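A quick write-up on the structure given underneath.
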2 protein chains.
Amino acid sequence: MEHTPKPPPSGNASLEKGLALFNLIARDRGQTPLKELAAGLALPRSTLYRLINTLEGTGMITRLEHRRYDIGLPLAEALHGITPAGQLARLCRPALRQLASTCGATAHLGVMENDMVTYLVKESAPSVPAALSISVENTQLEAYCSGIGKVLLAWLPEAERARYLAGGPFVALTSRTITDPRQLRETLKTVKAEQFARDDGEIAEDLYCLAVPLLTGDQSVSAAISLTFTHARQKKHDDATYLAKLRACAARLSRASLANIQH
Amino acid sequence: MEHTPKPPPSGNASLEKGLALFNLIARDRGQTPLKELAAGLALPRSTLYRLINTLEGTGMITRLEHRRYDIGLPLAEALHGITPAGQLARLCRPALRQLASTCGATAHLGVMENDMVTYLVKESAPSVPAALSISVENTQLEAYCSGIGKVLLAWLPEAERARYLAGGPFVALTSRTITDPRQLRETLKTVKAEQFARDDGEIAEDLYCLAVPLLTGDQSVSAAISLTFTHARQKKHDDATYLAKLRACAARLSRASLANIQH
DNA sequence: TCCATAGTCCCATTATATGGGACTAATTTG
DNA sequence: CAAATTAGTCCCATATAATGGGACTATGGA
């Protein structure tokens with residue numbers, strides 16, 4: 001038969017072929033006739049249909065009409081309500097919980113959604129008081145004044161960032177909030193250079209926060225994580241300690257999952 | 001190795017095992033440790049992890065934390081926004097379009113959603129004028145006065161139907177709308193007995209409609225399809241002709257997809 | 001009705017999945 | 001913090017089960 005050019009960890013070639021086929025169908029949603037779709041796979045007809053049969057038999061796909069296939073109903077039901085954001089949250093939560101715990105702080109995971117930061121995960125160490133009411137999971141906050149927001153802005157494509165900066169106004173939440181677009185632009189430049197962002201009481205007087213990006217394989221960024229402390233607590237240690245932990249966590253998460261988002 | 005007790009059409013055993021595993025994971029969402037989950041599959045550890053690896057490698061699943069697996073991010077993205085209802089619509093549309101075309105009428109597919117009928121598909125023959133504005137895809141209508149609604153009500157479990165009937169009031173949309181719960185109950189009994197429902201101007205004076213259920217393997221019903229005519233047109237033929245076509249279409253659709261919703 | 005293409009079936013060949021068990025890594029426990 | 005447990009990986013001989021060429025049948029379009 002054939003030999004896979006890349007056998008990294010042990011796997012199952014048949015399964016792989018079948019899933020490759022499934023992926024094509026799942027992305028195409030029945031627009032392209034099977035023949036064309038499967039052309040790239042270079043499978044003999046015999047094998048191709050064997051795979052199709054099993055895929056259909058297990059409910060992964062359904063025959064739409066002649067030569068058209070789409071995701072199966074059973075699969076749709078099983079996966080109903082699953083969103084990329086939801087998955088990201090599920091995936092990252094354990095690591096963030098641990099991070100928060102070992103740092104005795106609150107950890108967040110956030111993504112950018114139309115110029116606002118959406119907090120997907122918020123995990124606090126047991127020792128952290130109920131404070132930190134500013135953030136709630138699945139709600140949005142302005143990007144310009146939070147650590148996560150600044151990271152996400154800093155890694156945005158230049159054009160996007162320019163558009164954002166031009167879109168003000170940037171309302172001051174505390175006396176330290178950066179409200180001048182030019183100053184914000186400079187800050188973001190530093191963030192990118194130093195690979196982390198700091199929020200020193202810009203969102204609430206007594207909060208201090210460090211944030212780093214979750215880098216994907218191609219160095220783009222789709223999410224960021226942060227550690228938030230009250231000022232009082234932070235004095236005990238310096239940034240370096242926490243940054244190291246943050247980065248370790250980010251690296252782990254990036255490697256674990258984001259890296260393999262190949263479209 | 002082992003032999004499958006039931007080899008109906010030709011398939012691929014490896015793929016099947018892999019997908020079985022995937023299905024377990026997809027339904028469990030990382031709640032149960034892998035070991036327990038896979039217990040039912042009776043796979044040797046070696047094989048199990050080989051499958052897990054390719055599943056993960058293709059983005060179908062992700063490692064949440066130790067011994068926990070969940071749907072992969074890439075899959076979540078690919079499938080984002082896919083709903084069971086949407087899938088049902090996609091699956092049935094071609095057949096309904098053809099049905100409408102050969103009958104020179106309008107075909108609908110509807111499901112019950114909290115006591116209302118949601119129309120998932122509306123397909124009209126080219127010859128049908130733009131009329132029939134009463135129904136719009138993805139909008140809801142009362143169940144008691146439409147053909148599809150009556151079918152869905154008729155196949156509801158007894159308790160559910162009783163609750164619905166007690167829930168009135170049933171507003172009259174035309175002079176023929178059935179508004180008396182008792183009369184409605186009798187009508188539904190007839191519908192179940194005759195295996196089809198008729199709507200003779202109960203929703204709009206000039207509309208005539210025939211509806212039949214989409215039966216699943218266990219004879220339960222989750223959806224129904226209908227043919228709608230204007231009164232003028234209907235005079236030409238009798239119900240039997242259209243009912244036959246409707247039932248043929250329903251049988252085809254049931255066989256094609258609904259049958260294999262095994263949870 | 002005929003043609004083209006989708007989809008199924010058969011079967012000999014051997015590539016490839018299998019699974020037992022040793023081994024390493026990560027966790028949990030004492 | 002070390003020991004014990006369990007998760008996950010790797011190896012390899014074996015033969016099962018995937019492969020693919022090609023004949024065959026169903027289906028849909030013209």
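Protein chains get the first letters and strands the later ones, always in sequence-line order, with residue 1 at the start of each. If you're wondering where the values come from, they're calculated on a predicted model, not measured in any experiment.
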Quick one, [X] and [Y] - any side-chain contact, counting heavy atoms below 4.5 Å?
{"X": "B:L109", "Y": "B:L214", "value": "yes"}
{"X": "A:R50", "Y": "A:N53", "value": "no"}
{"X": "B:V111", "Y": "B:L120", "value": "yes"}
{"X": "B:Y208", "Y": "B:D239", "value": "yes"}
{"X": "B:V212", "Y": "B:Q195", "value": "no"}

Can you tell me the distance, in whole Å, between the [atom1] atom of [X] and the [atom2] atom of [N]?
{"X": "A:K35", "N": "C:dT5", "atom1": "NZ", "atom2": "P", "result": "6 Å"}
{"X": "A:N53", "N": "C:dA6", "atom1": "CG", "atom2": "P", "result": "15 Å"}
{"X": "B:I61", "N": "D:dG8", "atom1": "CD1", "atom2": "P", "result": "10 Å"}
{"X": "A:K17", "N": "D:dG20", "atom1": "NZ", "atom2": "C1'", "result": "11 Å"}
{"X": "A:L43", "N": "C:dT16", "atom1": "CG", "atom2": "C1'", "result": "15 Å"}
{"X": "A:L34", "N": "C:dG7", "atom1": "CG", "atom2": "P", "result": "6 Å"}
{"X": "B:L21", "N": "C:dA17", "atom1": "CG", "atom2": "P", "result": "16 Å"}
{"X": "B:R63", "N": "C:dA26", "atom1": "CZ", "atom2": "P", "result": "11 Å"}

A:I52 or A:L15, whichever maps to the more 5' nucleotide of DNA chain C: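 Mapping each residue to its closest nucleotide by heavy atoms, the 5'-most match is A:I52.
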Closest-nucleotide mapping onto DNA chain C: is A:Y69 or A:N12 further toward the 5' terminus? I mean the 5' end.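 In this pair, the answer is A:Y69.
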With a 4.0 Å cut-off on N to O distance, would you call B:R93 and B:E137 a salt bridge?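 Answer for the salt bridge query: yes.
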When we call it a touch if two heavy atoms are under 4.0 Å apart, what does B:L48 touch: a base, just sugar-phosphate, or nothing?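 No contact.
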Tell me if a side-chain donor or acceptor on B:E77 pairs with a main-chain N or O of A:P84 at a distance below 3.5 Å. no
Under 4.0 Å from OP1 or OP2 of C:dT8: is there any side-chain N or O of A:Y49 that close? no
Has B:T47 got a side-chain N or O lying under 4.0 Å from the OP1 or OP2 atom of C:dA17? no
In B/S/- notation, 5' to 3', how is nucleotides 21-30 of chain D contacted by protein heavy atoms closer than 4.0 Å? BBB----S--
